[in-house]
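A short worksheet on the structure shown next.
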Amino acid sequence: MKPDWTTETIITHFTLQSEERAWLGSNEAHNHLGKALQLKFFQYEGRFAEGLYEIPEEAIAYVAQQLHVAEQIIGEYEWRGRTAKDHRRDVRKYLGFRPVTAQDKIEMREWIKGHVLPEEYRPSHIRVLLYAQLRTERIEPPSQQEIDRVIASALVQYQRAFFERTYAKLPQVSRLRLRNLLSEASSWTEQLSGYPLLHEIKLGPGAADVKHIHRVCERLKYLRAIELPEDLFEGIPMKYLRQYQRQVSVESPSHLLRREENQPEQMYTLLATFCWVRQREVTDDLVDLFIRVLKDIKVRAEHKEEKRVLNDFIRVDGKQQLLFNLSEAMLAHPDGVIKEILYPIVGEARLKALVKEAKQTGPFQRAVQTRIGSSYSHHYRQILPPLLEVLKFRSNNARHRPLIDALKIVKTYLEDEHRTFYPMGTIVPMQDVIPPAMQSWIWQPNRSGNLQVRRTRYELCVLQGLRDQLRSKEIWVVGADRYRNPDEDTPVDYADKRVEYYHALNLPLDADEFIKQIQQEMTQALKQFHDGLLLNPYVTISSSGRIGVKKLDKKKQTANLTYLHNQVKQVWGLVSLLDILKEVDLRVDFTQHFKSLTGESRLSPDVLQRRLLLCLYGLGTNTGLSRVWIGNPDVSESNLKYVRRRFISVEGLRVAIAHVVNELLAIKAPHIWGDLGTWSASDSKQFGSWDQNLRAQWHQRYRQSGVMVYWHVSKQSLCIYSQLKAPSSSEVASMIEGVIRHCTAMQVDRNYVDTHGQSEVGFAFCRLLGFQLMPRLKNIYEQKLHVPYLEDFDKYPALAPILKSVIDWDLIRQQYDEMVKYATALRLGTAQTEAILKRFTRHNIHHPTYKAFSELGRAIKTIFLCRYLHDVDVRQEIFDGLQVIENWNSANGFIFYGNQGDIASNDVNAQEITILAMHLLQTSMTYINTLIVQQVLAEPSWYNRFTDADWRGLTPLFYKHINPYGSFNLDMASRIPLAS
């Protein structure tokens, strides 16, 4: 059963209707209660409970209350006895179900192969779909063990057919080149002499520089030279192929070669899927490198120009005082002669210095562009030939055709190194390619004095325009994944399943009905805020349109909570963090989710469990595998590295974290922790890391290079999701990703963020996806409201200074279906969240759907702002929620203490695994602390002394009693073997 059953949910699903009471008849008390529980459980789950342990105690008590019997008598009910069997037969007959047959199991397997695979290949998810299908067909499901066998059989049969089908499609030349991946790379690159080619294909893109762009281009050319058929994996989703790509990533070439003799279909299919996925990933890497290089050139040019301007400013000092003296002299002598009045004040030498400075400085942006042009022509221009050779650019928007044509012009004259200008008469696209401010910069006089287009400057402007359009996906790249055709980001069956998708989002099919609801909410919120403004002591609105909001005070930890923490330390002493991880695993068995990525394992379960725990501890504390094996003589460093490589993956860690979170929700005592809550707060924290990769970036605020970890934390420091991101990536996308992908039993209906986690488009997407975005706005003083109707400007005179515009409902009405389609794409995960949101940024301001999202976002943001400013409780709720995530962040350094808290890897996958391991460790600590606190507060003397403030501040995230470093044994009799 779900671990987050609330009273409302229990009442909804376990209330006995009058006809059900009549059907139950009269039995002995314990049989009467058992039969009722069998009925209600089957109605909800579509199957019978395996045992009483599956039914929550609250549900048993509620049903017993309705039947006027004691809940304790359920212990007398024999769940596997003859009477219970008769009850199950009666329930089947009453609900119109029939027992499962052997033929049904065969049909179940075929249904999975034909309707579920390959879109969904995870057994736990297939199980849910299969139960739903059996309920539709009114068939009683077999036992969970039999269900699992049917699913496993379907997976094996589908996989075998997939291997055979793929192998048959592969041409002989492609098989030969795939086989060559397992040979040495000396024929391709001297850097990898002695290593298999496969090793090079596995590597990440590296840093954003010329060397790595050339190397990635060569990598992409080799992958394309394999010549995999275009329709090789037609109809197979990328997520299904990625599981085989991950398998090849962790297997050595020698292990792959072992399959060639007995399982050639498997070996060649694994290599083909690996190359297919890697070709798209490498294409994305190359586009990322290109975008990052152009950004870095600009940033360095701006820094140099700022430094030059500052030096020039310092060189001629006293400008402000000088300007004041000049102004004062001119006002005193308006008819005076310049030489007589102004020269004595300034001095001729200083005037000449000022004139020289102005001539040298010029427009700042033009100077920056000149520096960029110099860097490009002298060094970075060498990236252009390989980029244009391997990347093919396309656009679905006629507006950007000139930029595609400009790229063709650039490519045509690329090999002519001695030509400074494009030939006279060459039609060089300018409109919608070169910004008007830069057009005069690219035109320069030739030796004859005639104006011509300077080639390198034109190339640079074209590449800068290409960068902007790639970021907004108005221009896409053939063969890419994240930068693919944006039309492929939305569900291909949207037109056929439109009604189903609307119902899944709980949205009306009629746009007018949706708009009417928003208009009513806006009107109500504006009226409430306007009418209560005069009596609101916390909010003021000035005549200039500036909003003033009184700050909220941060709550301090109460004395009783300090006493509680001291009591925990006194009773339990210092508890090892490794023991905490072990105890949680022994209780909930989260290590069951770490499966071998190769599908094979020769380690016994006990040995694997022990090594997994040591690996997770070493990764989560950032101390590394080479240190945690010390003190465990039965484990070597190579053992741990093997387990890390073969068993620990991002997907396995996410499932393990969700499992621990769900178990934590199940053990929480409601009388101590209150209700579970339906909110989460999200924010990011920076971690230092090695910077020779595309994810690590310099952060101005933290003054170091690193990555950002975006957390989603719920009530009482329960972290339900974490994700690693680049500092420049969208926090709005990360916020949405965490809410819709956390995969825990938490039901999130509102999310608190800081200013960076919100945008107008973000407000619109959150509304369509069914949850509220509730930010704490740092710039609340400059926020504006919008009105649903033009006449509303006169209805709210107190709000007049901050009323800005009327919502364009016609645009929302026209684009309503398109907006729902993109929201559906986010819900289904047909593309990455950030890839979809890239389409709706300021770089794509002319896109009609972007405009509609902006209009809808303004309406939803207005509703939120009115409630936020009107009700101090809303502001306090958001403030308290964000304090929870601050508390979570404060514990990161305590756990992630190794290597000074810096991630010592350039592998972005290894970086994410490290952070997820830390997340698992910190959640495990919260789990054990929850049990400890409940044990202490079970004593009436402790429970009764707690006040309302104590209960509000109670959290299981504290670590005064925890030792994260291990034990230290000092043996005075042993010596280090050194020469005397």
Q.
Rounded to the nearest 0.5 Å, what separates atom OG1 in T923 from atom CG in L916?
A. 10.0 Å
Q.
Treating N693 as the side-chain partner and R695 as the backbone partner, does any N or O pair qualify as donor plus acceptor under 3.5 Å?
A. yes
Q: Taking only Lys NZ, Arg NE, NH1 and NH2, and the carboxylate oxygens of Asp or Glu, determine whether R482 and D288 approach each other closer than 4.0 Å.
A: yes
(Q) Using a strict threshold of under 4.0 Å (side-chain N to carboxylate O), is an ion pair present between R292 and D296? (A) yes
(Q) Quick test of your reading of the model: are R278 and E281 salt-bridged, counting only N-O distances below 4.0 Å? (A) yes
**Q.** Rounded distance (nearest 0.5 Å) linking atom CD of Q704 with atom CG of D691
**A.** 10.5 Å
Q) Minimum heavy-atom separation for S682 to M735, with atom names? A) OG-CG, 3.8 Å
Q) Rounded to the nearest 0.5 Å, how far apart are SG of C719 and CD1 of I657? A) 7.5 Å
Q) Which pair of non-hydrogen atoms, one from K715 and one from L676, has the smallest distance, and what is that distance? A) CB-O, 3.9 Å
Q. Is any side-chain heavy atom of E731 less than 4.5 Å from a side-chain heavy atom of V753?
A. no
**Q.** Side chain to side chain, L577 and Y617, heavy atoms closer than 4.5 Å
**A.** yes
Q | R741/R654 under side chain to side chain contact (heavy atoms under 4.5 Å, CB included): CA gap, chis, key distance, verdict | A | CA-CA 10 Å; R741 300 273 182 267; R654 290 206 181 280; over 6 Å; no
Q) Which distance, rounded to the nearest 0.5 Å, do you find between the CZ of R215 and the CG of L286? A) 14.0 Å
Q. Taking the side chain as C-beta and beyond, is there a heavy-atom pair between F958 and L561 under 4.5 Å?
A. no
Q.
When you compare the side chain of T591 with that of P605, does any pair of heavy atoms fall below 4.5 Å?
A. no
Q) Taking it one step at a time, do Q922 and L957 satisfy side chain to side chain contact (heavy atoms under 4.5 Å, CB included)? A) CA-CA 8 Å; Q922 199 158 324; L957 186 62; 4.1 Å; yes
Q) Looking at OG of S649 and CD of E912, how far apart are the two atoms once the value is rounded to the nearest 0.5 Å? A) 10.5 Å
Q) When you check the side-chain N and O atoms of K838 and Y483, is any donor under 3.5 Å from an acceptor? A) yes
Q: Indicate the atoms forming the closest heavy-atom contact of G762 with V732, along with that distance.
A: CA-CG1, 3.7 Å
**Q.** Reported CG-to-CD1 distance for the pair L581 and I928, which is rounded to 0.5 angstrom
**A.** 9.5 Å
**Q.** For L181 against Y222, the heavy-atom pair lying closest together
**A.** CD2-CE2, 3.5 Å
Q | W629 side chain vs S626 backbone, donor-acceptor pair below 3.5 Å | A | yes
(Q) Hydrogens and angles aside, do S722 and H919 bring a side-chain donor and acceptor to less than 3.5 Å of each other? (A) yes
Q. Can you check whether L619's main-chain N or O pairs, donor with acceptor, with T623's side chain at less than 3.5 Å?
A. no
Q. For H961 and N929, does a side-chain donor sit closer than 3.5 Å to a side-chain acceptor?
A. yes
Q. Cut-off 3.5 Å, side chains only: do W711 and N889 have a donor facing an acceptor?
A. yes
(Q) So which atom in I151 and which in P123 form the shortest heavy-atom distance, rounded to 0.1 Å? (A) CD1-O, 3.9 Å
Q. Quick one: are L921 and L616 in side-chain contact, heavy atoms under 4.5 Å?
A. no
**Q.** Salt bridge flag under 4.0 Å for residues D579 and K582
**A.** yes
Q) Can Q159 and Q266 be counted as having a side-chain donor-acceptor contact under 3.5 angstrom? A) no
Q: From the options R246, K239, R242, select the one residue that forms a salt bridge (charged side-chain N to carboxylate O under 4.0 Å, His left out) with E651.
A: R246
**Q.** H659-H593 aromatic ring centre distance below 6.0 Å
**A.** yes
Q: Please answer whether the main-chain N or O of S728 pairs with a side-chain N or O of Q697 as donor and acceptor at a distance below 3.5 Å.
A: yes
Q: In sequence, state the C-alpha distance, the side-chain angles, and the governing distance for R610 and D634, and then conclude on salt bridge (Lys or Arg N to Asp or Glu O under 4.0 Å).
A: CA-CA 10 Å; R610 178 178 174 81; D634 57 331; 3.2 Å; yes
Q.
Give me the atom names and distance for the closest heavy-atom approach of S689 to A696.
A. OG-CB, 3.4 Å
Q. Distance-only, no hydrogens or angles: does the N887 side chain make a donor-acceptor pair with backbone N or O of V884 under 3.5 Å?
A. no
Q: Would you please indicate yes or no on a ring centroid separation below 6.0 angstrom for F594 and F647?
A: no
(Q) Quick test of your reading of the model: are R259 and E251 salt-bridged, counting only N-O distances below 4.0 Å? (A) yes
Q: Taking the side chain as every heavy atom from C-beta outward, state whether T744 and Y721 have any pair of such atoms under 4.5 Å apart.
A: no
**Q.** Main-chain N/O of P956 paired with Q716 side-chain donor or acceptor, under 3.5 Å
**A.** no
(Q) Go through it in stages, so that I can follow the logic: the residues are T914 and F896, the test is side chain to side chain contact (heavy atoms under 4.5 Å, CB included), and I'd like the CA-CA distance, side-chain angles, deciding distance and then a yes or no. (A) CA-CA 9 Å; T914 298; F896 201 71; 3.4 Å; yes
(Q) Keeping N622 on the side-chain end and G618 on the backbone end, is there a donor-acceptor pair under 3.5 Å? (A) no
Q) Could you go step by step and tell me if D589 and Q592 meet the side chain to side chain contact (heavy atoms under 4.5 Å, CB included) rule? A) CA-CA 6 Å; D589 190 22; Q592 65 176 302; 3.6 Å; yes
Q: Spell out, as yes or no, whether a donor-acceptor pair under 3.5 Å connects the side chain of T273 to the backbone of L270.
A: yes
(Q) Quiz question: by atom type and distance under 3.5 Å, do the side chains of S714 and S680 form a donor-acceptor pair? (A) no
Q | Residues K202, E200: salt bridge by 4.0 Å N-O rule | A | no
Q. Sub-3.5 Å donor-acceptor pair from the side chain of K725 to the main-chain atoms of S729, do we have one?
A. yes
Q. Do L614 and Q609 have side chains that get closer than 4.5 Å, going by heavy atoms?
A. no
Q.
Main chain of P964, side chain of Y897: is a donor-acceptor contact present, judged purely on distance under 3.5 Å?
A. yes
Q | Side chains of N963 and V575 in contact at under 4.5 Å (non-hydrogen atoms) | A | no
Q) Regarding Q934 and W673, is there a side-chain donor-to-acceptor distance under 3.5 Å anywhere? A) yes
